[in-house]
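Excluded from the calculations below are hydrogen atoms, water molecules and symmetry mates; all remaining heavy atoms, backbone and side chain alike, are included. Proteins come first, then strands; the chains are lettered A, B, ... in the order of their sequence lines, and each starts at number 1.
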There are 4 protein chains.
Amino acid sequence: MREPRGERKRRANGEESRRRILDAAAEVAGVRGYDGTSIALVSEKCGLPASSIYWHFKNKDDLLAAVIERSFDIWADALTLPGDDTDPAPDRVAALAGQVAKTLLDSPDFLRLGLMLTLERRPEEPSARRMFLQVRDTARARLAAVLATLAPSADRDAIELVTTYAIAAADGLFIAKEIGGDSVDLMPLFDLHARALHDALVRLTTETS
Amino acid sequence: MREPRGERKRRANGEESRRRILDAAAEVAGVRGYDGTSIALVSEKCGLPASSIYWHFKNKDDLLAAVIERSFDIWADALTLPGDDTDPAPDRVAALAGQVAKTLLDSPDFLRLGLMLTLERRPEEPSARRMFLQVRDTARARLAAVLATLAPSADRDAIELVTTYAIAAADGLFIAKEIGGDSVDLMPLFDLHARALHDALVRLTTETS
Amino acid sequence: MREPRGERKRRANGEESRRRILDAAAEVAGVRGYDGTSIALVSEKCGLPASSIYWHFKNKDDLLAAVIERSFDIWADALTLPGDDTDPAPDRVAALAGQVAKTLLDSPDFLRLGLMLTLERRPEEPSARRMFLQVRDTARARLAAVLATLAPSADRDAIELVTTYAIAAADGLFIAKEIGGDSVDLMPLFDLHARALHDALVRLTTETS
Amino acid sequence: MREPRGERKRRANGEESRRRILDAAAEVAGVRGYDGTSIALVSEKCGLPASSIYWHFKNKDDLLAAVIERSFDIWADALTLPGDDTDPAPDRVAALAGQVAKTLLDSPDFLRLGLMLTLERRPEEPSARRMFLQVRDTARARLAAVLATLAPSADRDAIELVTTYAIAAADGLFIAKEIGGDSVDLMPLFDLHARALHDALVRLTTETS
DNA sequence: AATGAATGAGGATTCATTCAT
DNA sequence: AATGAATGAATCCTCATTCAT
């Protein structure tokens, strides 16, 4: 009915198309946020028509949730917790903080989109937001476990408090970097942060013992 | 304020309409972000037709910049820096942190919208974003000055570093509160933060002296 | 920003635009039904852009409900019940039936669209459908009242039965005309129908007396 | 039917798939009409992918025509014309009408979809519509033949008139039932209808003789 | 100071259909 | 006999903005 189109219809390849869509969506959403991410923009970036995106994902919400999920996996994979049990605690905290700083610099889309989703509220919570909060909670649990080994005598609530602070400051530093760009050197900031965490853990240990 | 008697139905009044629009826009934008804030939504919330919004503001960008500006003023007014020069430094830092925590809880729209604007990037930077970064810088300068009086011997770069960290962690704690809601008690977190800042200042003083 | 367009933007005239939209929508919907009536088609027919249609009507559903409402009013206005109380009953029934036949031929959009809406079922009942059933019920009540005066001794249920039959056969004859076009002559059919109604009324009167 | 043993999971089977598609399409189209019946909806209902539907049917039009054809066959099979030539005419008409009423209640999809198709007009007439009008004409011819045996002396045109009226009122009563649901009792209505037909036939016979 | 009406561009999503496998 | 993937056109509707009054 319609002319067969000059360029060969490229061989259908679901796996690859899905990846291309996710790549494009991650790139766009990491920069423009939920509302700012239009299907047309993603379509343009990935080279597939908008209707093809809907073959792979139920809707925009579903797409962005998948973006968050994959971004987290990539980020979590990059984050190899350093050091071993024989190292002194301060060094381990500092190394951990440095590692987090590095991965946030390397793959910032996950956190940037996640924070945007976190701050926005809309009538129907996007499942992308729910997904972010969920994976963030996973990461938080892991960090709490690490901190617990560093301050074995501290009680649960205290560990939770420090964990919350640790993540909050990391979020804030990420934002500071987003704002300041090259004028912000994250390394000394994360050093300062690491020292703050260490001191807090020490204080907890002595106070509760 | 300007209404001489309470009983008269107020006639068309530019000042008042402008305020109603700003109120509505602040409410919407603080929750939905830049893209999510549609003129139609603001119009509905404030009861004035969309075209009237355009009588008071050049465009959406202009409106949101005005929102940011006014929100900052309200926030800054609420933030009366406590204590005087004779109090001991640790108390003053803690009081300051507590004050910031309180105002963020009371009028969160300013920071929430600001952070959303900060994280988003679009082809043409909205002047609302520029406005936020500008007033934020003002606040930052003030904080740096306060910290400088608390650590007189520290050099400029060190003060800048601590200032950046102070603001970053405050941002992060604000977000933590947004996520956690009632399950997050900001007070002990800001206590922890205050202690971290104090220790950092002390360290700076001893290191550089 | 965009060039001001050669043809003068015609002077805004809400009342007239609304009418033009309704005219176009009635024309399209009377032929194509609910699903087949696209906003783009209506827009093309009435000369106003689709977005203008949405200024006048909340959505497609709202538009079509308005179409039904207005079509019914037009139809009901055209339907001047004939005869007076001194005429013999058979003549009055026949005249009434003839009148209905004539108006259905003249302004068929109302009934055609209404019947289409009636037959369709969708997850969310369109308010256009609800509107049709409502005005149809009004017409039904009026007819029942007329028939009651023709068979004063008949009981309520009997009148209801004949009313239902009267309307049903009229619907069916309308459809027959739609199918058959010029090959169907409605007049003898409505004569037959009138006689059937008359006989039924007579039977009711004698049976119940 | 063709399955030799009950226990085997049936393998790909064209006949069975075709039936499943038709079942789903009949269900959807009987409720939603031509436009409202999307291939995606049928696909979901029958469990086969959309592309499989296109393997069995040329296009949507072809599918719906097949639905009409099969629905008519089912309906016609259910309609066993009752009575024999020795019964008195009034009884035979009443029995016939009752039979029609019953089958319409039992398998209403055929008529509902058919009437929807009848009322809609589109640029290209769907073959489903053509199919409905065709089978409807078959049914009509059969009814005319029956009526002719009941009024042997009536002329062709008179029989045609009564046939048209008979079908039209049946259509209308079907619609009344669709609208009124349980509040409409078809039996007395079809009784009334049967009597009207009988009287008309009698009148024809006496008038023309 | 305000607003009813209008409007082109773009929003997400679904459509019927095709085609290589 | 069937299907996963793809696709252009069309769907309804909202967008920011303008303009005559």
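You'll find the side chain of A/Val135 reaches within 4.5 Å of the side chain of A/Met131, heavy atoms only. For the pair C/Phe132/C/Leu113, no side-chain contact is recorded, criterion being any heavy-atom separation below 4.5 Å from C-beta on. B/Thr37 has its side chain out of reach of B/Leu63: every pair of non-hydrogen atoms, C-beta onward, lies at least 4.5 Å apart.
Interface residues of residues 112-127 of chain B facing DNA chain E, ordered by number: none; criterion, heavy-atom separation under 4.0 Å. Listed in residue order, the members of residues 21-34 of chain C having a heavy atom less than 4.0 Å from DNA chain E come to none. Remark: A/Tyr54, A/Asn59, A/Lys60 in residues 54-64 of chain A come within less than 4.0 Å of DNA chain E through at least one heavy atom.
Closest approach to the B/Ser52 side chain among E/dA2, F/dT17, F/dT7 is made by E/dA2 (side chain taken as heavy atoms from C-beta onward). Listed candidates were F/dT11, E/dT17, F/dT7. Nearest to the side chain of C/Ala40 is F/dT11.
B/Pro123 and A/Arg32 get closest at one heavy-atom pair: CD-NH1, 3.6 Å. Contact record, C/Arg112 with D/Leu119: CD-O, 3.3 Å, taken as the closest heavy-atom pair. Of all heavy-atom pairs spanning D/Ala24 and D/Lys45, the tightest one is CB-CB, 3.7 Å.
Here the CG atom belonging to C/Leu64 is positioned 7.0 Å from the CG atom belonging to C/Leu117, to the nearest 0.5 angstrom. Between the CG atom of A/Asp35 and the OH atom of B/Tyr34 there is a distance of 12.5 Å, given to the nearest 0.5 Å.
The base of E/dG11 is not paired with the side chain of A/Ser38 by any donor and acceptor separated by under 3.5 Å.
For the salt bridge (Lys or Arg N to Asp or Glu O under 4.0 Å) condition, no pair includes a residue of residues 47-67 of chain C, sequence neighbours left out.
At a threshold of 4.0 angstrom between heavy atoms, the contacts of B/Ser43 with the nucleic acid are absent.
Of the side-chain N and O atoms in B/Ser51, none sit less than 4.0 angstrom from OP1 or OP2 of E/dA5.
Residue B/Ile39 contributes atom CD1, which lies 11 Å from atom P of F/dT18 at whole-angstrom precision. Distance CD (D/Glu44) to C1' (E/dT14): 13 Å, rounded to an integer number of Å. One atom, CG of A/Asn13, and another, P of F/dA6, lie 7 Å apart when rounded to the nearest Å. Taking atom CG on A/Asp35 and atom P on F/dT14, their separation rounds to 15 Å, with Å as the unit.
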Would you mind writing out the side-chain donor-acceptor pairs for residues 65-72 of chain B within the sub-3.5 Å range, not counting sequence neighbours?
residue: B/Arg70; atom: NH1; partner: B/Asp23; partner atom: OD1; Å: 3.0
residue: B/Arg70; atom: NH2; partner: B/Asp23; partner atom: OD1; Å: 2.8
residue: B/Ser71; atom: OG; partner: B/Val67; partner atom: O; Å: 2.8

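Within 6.0 Å of CD in C/Glu16 there are more than 12 heavy atoms belonging to other residues, nucleotides or ligands. No more than 12 heavy atoms of other residues, nucleotides or ligands lie within 6.0 Å of CD in C/Glu44, so this atom counts as exposed by the packing criterion.
Each of B/Gly36 and D/Leu48 was matched to the nucleotide of DNA chain F holding its nearest heavy atom; the match closer to the 5' end belongs to D/Leu48. Along DNA chain F, the nucleotide closest to C/Leu41 and the one closest to B/Ala50 are compared, and the more 5′ of them pairs with C/Leu41.
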Pair assignment for DNA chain F - dot-bracket with | for other-strand partners, Watson-Crick or G-U under 3.5 Å: .||||||||||||||||||||
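The pair A/Glu15-A/Arg18 does not meet the salt-bridge criterion, since no charged nitrogen lies less than 4.0 angstrom from a carboxylate oxygen. Using a 4.0 Å cut-off between a side-chain N of Lys or Arg and a carboxylate O of Asp or Glu, C/Glu120 and C/Arg129 do not qualify as a salt bridge.
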